[in-house]
Amino acid sequence: MSDTVFRNCSVSEENDEDRPELQAVPVFRDPTADTSGSGQPARNSVKQKKLILHIDLNNTILVSDAVTKQGTVAALDYFLSTVTWGHMSKGKWEWLSEVPSLSPPGRDSVSFYSKFGRVPGFTTSGPGRKFRGVLEEHLAMLRWPADLPEDKEFSVRGEDGNLYHWILPSFFQLLQDLASQGRDFAVLFRTFGTDLPRVLRVVHRALVQGAHPLFPDLPALKLSVSETPGRIRCTGKRTDVSRGEEKCSSRDGERGVYQYLSAVAGLGGFQDHFDWWARNTYSILGGKPFWVDPFDPHVQHIFIDDNIRQTDEDTIVHPKVFLDRESSETRTASTSELYDLCLVQNDLLQAISDTSYFTKRIQICQENYERNLQQGTD
């Protein structure tokens with residue numbers, strides 16, 4: 001890695017807990033807007049930028065959570081409570097959605113989770129019983145193949161006694177797809193949780209040792225895996241990034257942190273700052289920091305997380321967009337501004353049922369991003 005990455009990037013021990021101020025000035029256009037008259041995104045304009053994929057773990061590529069001690073069944077049950085919608089009517093909860101969806105079906109609808117919080121047994125003994133069939137259908141898709149022996153790292157035994165995939169096959173398929181396309185890419189796992197060291201170890205076994213029985217050819221991709229977990233910590237005035245001997249801080253400008261993250265290779269990961277998110281009431285300002293440079297002709301960063309939401313008061317990623325080509329100053333962009341350009345709200349049900357799900361979502365982001373930049377220069 002070049003010396004430029006670490007210039008003016010030493011971690012300071014200051015402890016300023018002031019909250020940042022939100023300054024959202026739209027620059028990116030609506031990615032769903034059609035300017036070609038076809039009603040479809042332009043598909044011939046995607047340039048081969050290096051992709052830096054920031055990927056959440058729990059309920060994104062893992063259907064479990066070590067912090068909350070949720071197994072596969074409980075984690076999927078919980079996810080369903082976040083994507084089913086209703087409202088209070090005459091003092092009672094009334095469902096407004098017949099099937100799960102990432103977006104609410106109407107302005108007056110809220111997710112069951114946002115209204116009542118975590119409810120154990122949501123689809124079994126709780127009010128979400130109407131969605132029990134969805135749970136059972138996707139658990140069946142998630143089952144570890146019956147003709148394969150149990151693997152203590154790639155499979156996990158659920159609360160119901162069944163064996164399930166621990167890491168979704170769609171994640172490994174994504175790596176194969178990008179490599180087959182000849183793409184230059186890197187993956188950074190970004191999580192508030194504690195599963196990161198184990199994920200890095202298991203992914204290393206799959207990619208370097210060829211240990212995954214369903215993806216034995218992964219070592220041919222020649223992807224390195226850093227098993228050293230990194231750490232990201234935030235205050236109101238700066239963000240500190242560290243991984244082993246590598247240290248970088250936005251104290252002297254955010255450009256250096258962006259260059260560091262843009263230069264990574266292979267797969268690695270960072271634990272983000274949950275306490276900072278909680279201190280900022282789980283809003284965009286306390287979310288996982290994510291730098292975007294629309295002036296960079298060589299790199300596109302994409303963040304995939306199930307808790308990305310278009311309500312900035314309740315979302316998990318803090319997008320920071322550079323003001324100009326050489327500037328180290330950024331502004332906070334709203335989630336909706338970058339939705340499906342750089343931010344992907346993970347649909348766990350699709351990630352389970354469609355092994356090409358992540359590949360498709362990244363393709364959509366690339367197309368929207370390039371078309372948006374072209375429109376901005378017209």
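Just so you know, these numbers use all the heavy atoms, side chains as well, and skip hydrogens, waters and symmetry mates.
Relative orientation of the F189 and F171 rings is tilted, given thresholds of 30° and 60° on the angle between their planes. Taking the six-membered ring for Trp and thresholds of 30 and 60 degrees, F116 and F112 have ring planes inclined between 30 and 60 degrees apart.
D77 places a side-chain N or O within donor-acceptor distance of the main-chain N or O of F122, the cut-off being under 3.5 Å. At distances below 3.5 Å, at least one donor-acceptor pair connects side-chain atoms of R183 with backbone N or O atoms of K49. The backbone N or O of P104 lies less than 3.5 Å from no partner atom in the side chain of S109, so there is not a single donor-acceptor pair. W166 contributes no side-chain N or O that, together with a main-chain N or O of Y164, makes up a donor-acceptor pair within less than 3.5 Å. No donor-acceptor pair under 3.5 Å is formed between the side chain of N280 and the backbone N or O of S283.
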Exercise. Does the salt bridge (Lys or Arg N to Asp or Glu O under 4.0 Å) test come out yes or no for D340 and R361, once each step is laid out?
Worked result: CA-CA 8 Å; D340 280 349; R361 298 313 304 172; 2.9 Å; yes
For this session: Go through the steps for T239 and W291 under the test side-chain contact (heavy atoms from CB on, under 4.5 Å), then give the verdict.
Result: CA-CA 11 Å; T239 301; W291 291 267; 3.9 Å; yes
For this session: Go through the steps for R243 and V264 under the test side-chain contact (heavy atoms from CB on, under 4.5 Å), then give the verdict.
Result: CA-CA 12 Å; R243 184 170 62 170; V264 298; 4.3 Å; yes
For this session: Give the C-alpha distance, both sets of side-chain angles, the deciding distance and a yes or no for side-chain contact (heavy atoms from CB on, under 4.5 Å) between Y369 and V292.
Result: CA-CA 11 Å; Y369 190 80; V292 176; 4.2 Å; yes
Exercise. What do the steps show when you test L214 against L148 for side-chain contact (heavy atoms from CB on, under 4.5 Å), and what is the final call?
Worked result: CA-CA 9 Å; L214 297 181; L148 291 179; 3.7 Å; yes
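Taking both residues in full, the closest heavy atoms of T315 and I308 are given as OG1-CA, 3.5 Å, listed atom of the first, atom of the second, then distance. When every heavy atom of A206 is checked against every heavy atom of L218, the shortest pair comes out as O-CB, 3.5 Å. Of all heavy-atom pairs spanning S328 and R255, the tightest one is OG-CB, 3.1 Å.
Counted by atom type alone, Y78 and Q70 present zero donor-acceptor pairs between their side chains at under 3.5 Å. If you check the side chains of E367 and Q363, you find a donor sitting under 3.5 Å from an acceptor. Side-chain atoms of T359 and S356 form no donor-acceptor pair, as typed in the model, at a separation below 3.5 Å. Between the side chains of E254 and T330, at least one donor N or O sits under 3.5 Å from an acceptor N or O.
For the side-chain hydrogen bond (donor to acceptor under 3.5 Å, both in side chains) test with D305, the passing option among H54, R190, K288 is K288; the others fail.
The distance from the CD atom of Q176 to the CD atom of Q173 is 5.0 Å, given to the nearest 0.5 Å.
Under a cut-off of 6.0 angstrom, the local environment of CZ in R118 is crowded, with over 12 non-hydrogen atoms contributed by other residues, nucleotides or ligands.
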